[in-house]
Undergrad: 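Have a look at this one before I ask anything.
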Amino acid sequence: MGTDSPANFTYMGRTFDDLTNGHSSGAFSDCNSDRSGEFPTAASQGRRLLIACASDNSDDLIRQLVMDLESCSIEEQKQAAMEIRLLAKNKPENRLKIAKAGAVRPLISLISCSDPQLQEYGVTAILNLSLCDENKEQIAASGAIKPLVRALMSGTPTAKENAACALLRLSQMEENKIAIGRCGAIPLLVNLLENGGFRGKKDASTALYSLCSVKENKIRAVKAGIMRPLVELMADFGSNMVDKSAFVLSVLVSLSEARTALVEEGGIPVLVELVEDGTQRQKEIAAVILLQVCEDSVLYRTMVAREGAIPPLIALTQSGTNRAKQKAEKLIELLRQPRSGNCAATTSDVSV
């Protein structure tokens, strides 16, 4: 299954035709490392870890910690996973060392364990190791995707957030996107987008943005009901999720099913409001989405025009970016075309 790759805009290795160059870099921030709280350690173990972090030679400690991951004691496994997670978080150069020392497979085994805290530590350690690009292929090849998806379904809130972020990292390899979708990640990410805390919503939206460059994942997202949370988040200017939700929507609306769902969830008034009252970036992306919605549907053009879109679009042609001006002008031209006649023949993509 191919990925969409229009020109002119690049984010995370992908290009988009309808967005101003560089605009989504502020909407999305990649996962730099886990942001969960520091776990308590015994004094002697804490000193050992601090010495290793300050030293240029942590190899001996890493080898011991990898051995401890396979201990018969859950407490020793927890301590080892926690220390590996901190070593990988605090010293980027340790990430490759830890993977080369054989930590990946035992950490993946911990993700599948029944102890919630141990699972969380395993997920978080895998996330931090995945921040090294050289580790991503090994992590995926070692079977991490299915356990991460299970953690996304049944883990602690922190485990779910870190699993979403780890899946985002793995999805940056094109060949993993389909595998992640086929393992059931998309509905779980949609659920996290709808019901998670702010960090969970942010991580879910970023992962969905990456994964939905693949058509079959777009279809899964729409079937999972993604339009409702996207529209609700775009409508809430206090959510700090307006830009992220709009950019996720922008990669979905190439599907007729997505356009239908967007209209059914009340998305047109929300997008028109963004054109009128949003930031410059929000005005532009809303105009881009509305243009895609209207291009092949007379009914949708009528709905957009009746929401009062033309005056703010005219204002956008006068004050927006060059890209925004072009999109607004094209949309105004569409909205001003006669809308009588064979309306039924151009509205097959909507249920009325």
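Just so you know, these numbers use all the heavy atoms, side chains as well, and skip hydrogens, waters and symmetry mates. Sequence positions, counted from 1, serve as the residue numbers for this chain. Source: prediction; values computed, not measured.
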Undergrad: Under the rule for side chain to side chain contact (heavy atoms under 4.5 Å, CB included), what residues qualify as partners of Glu137, not counting sequence neighbours?
TA: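 Partners of Glu137 by the side chain to side chain contact (heavy atoms under 4.5 Å, CB included) criterion, ordered by chain and then number, come out as Met173.
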
Undergrad: SG/Cys165 to CG/Asp203 distance, rounded to the nearest 0.5 angstrom?
TA: 4.5 Å

Undergrad: Mind checking the OG-CG spacing from Ser205 to Leu233? Nearest 0.5 Å is all I need.
TA: 8.5 Å

Undergrad: Taking the basic N atoms (NZ, or NE/NH1/NH2) and the acidic carboxylate oxygens, is any pair closer than 4.0 Å for Glu174 and Lys177?
TA: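 Looking at Lys177 together with Glu174, the answer is yes, because their closest N to O distance falls below 4.0 Å.
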
Undergrad: Enumerate the residue pairs fulfilling side chain to side chain donor-acceptor pair (under 3.5 Å) with a member in residues 141-156, sequence neighbours excluded, ordered by first and then second residue.
TA: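 Residue pairs passing side chain to side chain donor-acceptor pair (under 3.5 Å), neighbours aside: Ser112-Arg150, Glu120-Thr156.
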
Undergrad: For the hydrophobic clusters of this structure (ILVMFWY residues joined by side-chain heavy atoms under 4.5 Å, transitively), does one cluster hold both Leu249 and Met303?
TA: yes

Undergrad: Counting only heavy atoms not in Glu134, do more than 12 fall under 6.0 Å of its CD?
TA: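 No, because the 6.0 Å sphere around CD of Glu134 holds 12 heavy atoms or fewer from other groups.
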
Undergrad: Run the side-chain hydrogen bond (donor to acceptor under 3.5 Å, both in side chains) check on Lys201 and Ser245 step by step: do they pass?
TA: CA-CA 10 Å; Lys201 292 178 187 295; Ser245 301; over 6 Å; no

Undergrad: When you measure from the side chain of Lys160 to the backbone N and O of Leu192, does any donor-acceptor pair fall under 3.5 Å?
TA: no

Undergrad: Suppose we screen for side-chain hydrogen bond (donor to acceptor under 3.5 Å, both in side chains). Which residues come up paired with Glu265, at least two apart in sequence or across chains?
TA: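 For Glu265, the residues satisfying side-chain hydrogen bond (donor to acceptor under 3.5 Å, both in side chains) (neighbours in sequence not counted) are Arg228.
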
Undergrad: Would you indicate whether the side-chain heavy atoms of Ile126 and Asn162 approach each other to under 4.5 Å?
TA: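 Heavy-atom side-chain distance check fails, nothing below 4.5 Å.
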
Undergrad: Any heavy-atom pair between the side chains of Asp236 and Val242 that's under 4.5 Å?
TA: no

Undergrad: Same cluster or not: are Ile219 and Leu188 linked, directly or through other Ile, Leu, Val, Met, Phe, Trp or Tyr residues, by side-chain heavy atoms under 4.5 angstrom apart?
TA: no

Undergrad: Using a 3.5 Å distance criterion without hydrogens, assess whether the side chain of Gln282 forms a donor-acceptor pair with backbone atoms of Thr279.
TA: yes

Undergrad: Does a side-chain heavy-atom distance below 4.5 Å link Leu61 with Glu83?
TA: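 Yes, side chains in contact.
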
Undergrad: In this structure, which one of Leu193, Leu230, Leu211, Thr206 forms a side chain to side chain contact (heavy atoms under 4.5 Å, CB included) with Val248?
TA: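 Exactly one candidate clears the test, Leu230.
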
Undergrad: Only counting residues at least two apart or in another chain, list the ones meeting side chain to side chain contact (heavy atoms under 4.5 Å, CB included) with Ala258.
TA: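 Per chain and number, Ala258 pairs via side chain to side chain contact (heavy atoms under 4.5 Å, CB included) with Val222, Met227, Leu252, Leu255.
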
Undergrad: Where is the tightest heavy-atom contact between Ala164 and Leu189, given as atom of each residue plus distance?
TA: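 Closest approach of Ala164 to Leu189: CB-CD2, 3.7 Å.
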
Undergrad: Calculate, to the nearest 0.5 Å, the distance between atoms SG and NZ belonging to Cys132 and Lys100 respectively.
TA: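 Interatomic distance, Cys132 SG to Lys100 NZ, rounded to 0.5 Å: 8.5 Å.
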
Undergrad: Examine distances only and state if a side-chain atom of Gln119 and a backbone atom of Ile111 form a donor-acceptor pair shorter than 3.5 Å.
TA: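 Yes; judged by distance alone, with no hydrogens or angles, the pair exists.
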
Undergrad: Any heavy-atom pair between the side chains of Ser73 and Gln79 that's under 4.5 Å?
TA: no

Undergrad: At their closest point, which heavy atom of Leu69 faces which heavy atom of Ala81, and how far apart are they?
TA: CD2-N, 3.7 Å

Undergrad: Going by side chain to side chain contact (heavy atoms under 4.5 Å, CB included), name the residues that satisfy it together with Ala286, two or more places apart in sequence or in a different chain.
TA: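 Leu271, Leu274, Val275.
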
Undergrad: Strictly distance-based, threshold 3.5 Å: is any side-chain N or O of Ser213 a donor or acceptor partner for the main-chain N or O of Tyr209?
TA: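 Checking the backbone N and O of Tyr209 against the side chain of Ser213, no donor-acceptor pair under 3.5 Å is found.
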
Undergrad: Within the 4.5 Å heavy-atom criterion, are Leu291 and Val288 side-chain neighbours or not?
TA: no

Undergrad: What's the separation between atom NZ in Lys330 and atom CG in Leu290, rounded to the nearest 0.5 Å?
TA: 15.0 Å

Undergrad: Can you name the closest pair of heavy atoms from Gly143 and Ile108 and give their distance?
TA: O-CG2, 3.8 Å

Undergrad: Counting only N and O atoms by type, is there a donor-acceptor contact under 3.5 Å from the side chain of Ser210 to the main-chain atoms of Ala207?
TA: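 Here the side-chain-to-backbone pair does not exist.
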
Undergrad: Residues in salt bridge (Lys or Arg N to Asp or Glu O under 4.0 Å) with Asp133, at least two apart?
TA: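 Expected list: Lys136, Arg169.
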
Undergrad: At what distance, to the nearest 0.5 angstrom, does NZ of Lys283 lie from OG of Ser319?
TA: 6.5 Å

Undergrad: Does a sphere of radius 6.0 Å around CD in Glu175 hold more than 12 heavy atoms from other residues, nucleotides or ligands, not counting ones at 6.0 Å or beyond?
TA: yes

Undergrad: Using modelled atom types only, decide if a donor and an acceptor are shared between the side chain of Asn128 and the backbone of Arg85 within a distance under 3.5 Å.
TA: yes

Undergrad: Check Ile289 against Ala246 and note the closest heavy-atom contact, atom names and distance.
TA: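 That closest heavy-atom pairing would be CD1-O, 3.6 Å.
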
Undergrad: With no hydrogens and no angle check, is any side-chain donor or acceptor of Asp115 less than 3.5 Å from a backbone partner on Leu118?
TA: yes

Undergrad: Please determine if Glu216 and Arg182 form a salt bridge, counting it only when a charged side-chain N lies under 4.0 Å from a carboxylate O.
TA: yes

Undergrad: Measure across Val149 and Cys183 and return the closest heavy-atom pair with its distance rounded to 0.1 Å.
TA: CG1-O, 3.3 Å

Undergrad: Does a side-chain heavy-atom distance below 4.5 Å link Arg259 with Val263?
TA: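 Side-chain contact under 4.5 Å: no.
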
Undergrad: Does atom CD1 (Ile74) have a neighbourhood of more than 12 heavy atoms from anything else shown, all under 6.0 Å?
TA: no

Undergrad: Using modelled atom types only, decide if a donor and an acceptor are shared between the side chain of Asn176 and the backbone of Leu170 within a distance under 3.5 Å.
TA: yes

Undergrad: Taking all non-hydrogen atoms of both residues into account, name the closest pair between Ala159 and Val123 and its distance.
TA: O-CG1, 3.6 Å

Undergrad: Answer whether the closest heavy-atom distance between the side chains of Thr260 and Tyr300 falls below 4.5 Å.
TA: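 Counting from C-beta outward, Thr260 and Tyr300 do come under 4.5 Å.
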
Undergrad: Give a yes or no on whether Met67 and Leu87 share a hydrophobic cluster (residues Ile, Leu, Val, Met, Phe, Trp, Tyr; joining criterion: side-chain heavy atoms under 4.5 Å apart).
TA: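 Not linked; separate clusters.
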
Undergrad: Pair Ile226, Arg220 - check side chain to side chain contact (heavy atoms under 4.5 Å, CB included), show working.
TA: CA-CA 9 Å; Ile226 194 173; Arg220 291 187 181 101; over 6 Å; no

Undergrad: For Asn135, what residues pass the side-chain hydrogen bond (donor to acceptor under 3.5 Å, both in side chains) criterion, not counting sequence neighbours?
TA: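 With neighbours one apart ignored, the set is empty.
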
Undergrad: Taking Leu129 as the starting point, is it possible to reach Leu96 by hopping between hydrophobic residues whose side chains are less than 4.5 Å apart?
TA: no

Undergrad: Report yes if the side chains of Gln77 and Asp68 come closer than 4.5 Å at any heavy-atom pair, otherwise no.
TA: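 Of all side-chain heavy-atom pairs linking Asp68 with Gln77, none is under 4.5 Å.
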
Undergrad: Excluding sequence neighbours, so at least two apart, what forms salt bridge (Lys or Arg N to Asp or Glu O under 4.0 Å) with Lys325?
TA: none

Undergrad: Got a sec, which residues hit salt bridge (Lys or Arg N to Asp or Glu O under 4.0 Å) with Glu70, two or more places apart in sequence or on another chain?
TA: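 Testing Glu70 for salt bridge (Lys or Arg N to Asp or Glu O under 4.0 Å), a comparison that skips the adjacent residues, returns none.
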
Undergrad: State which residues pass salt bridge (Lys or Arg N to Asp or Glu O under 4.0 Å) with Glu75; sequence neighbours excluded, sorted by chain then number.
TA: Lys78

Undergrad: Can you sort out the partners of Asn191 under side-chain hydrogen bond (donor to acceptor under 3.5 Å, both in side chains), two or more places apart, ordered by chain and number?
TA: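 Checked Asn191 against side-chain hydrogen bond (donor to acceptor under 3.5 Å, both in side chains); matches are Asn195.
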
Undergrad: Please answer whether the main-chain N or O of Cys294 pairs with a side-chain N or O of Arg301 as donor and acceptor at a distance below 3.5 Å.
TA: yes

Undergrad: Going by side-chain hydrogen bond (donor to acceptor under 3.5 Å, both in side chains), name the residues that satisfy it together with Glu76, two or more places apart in sequence or in a different chain.
TA: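 Listed in chain order: Ser71.
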
Undergrad: Looking at CG of Asn94 and CD1 of Ile84, how far apart are the two atoms once the value is rounded to the nearest 0.5 Å?
TA: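 It comes to 10.5 Å.
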
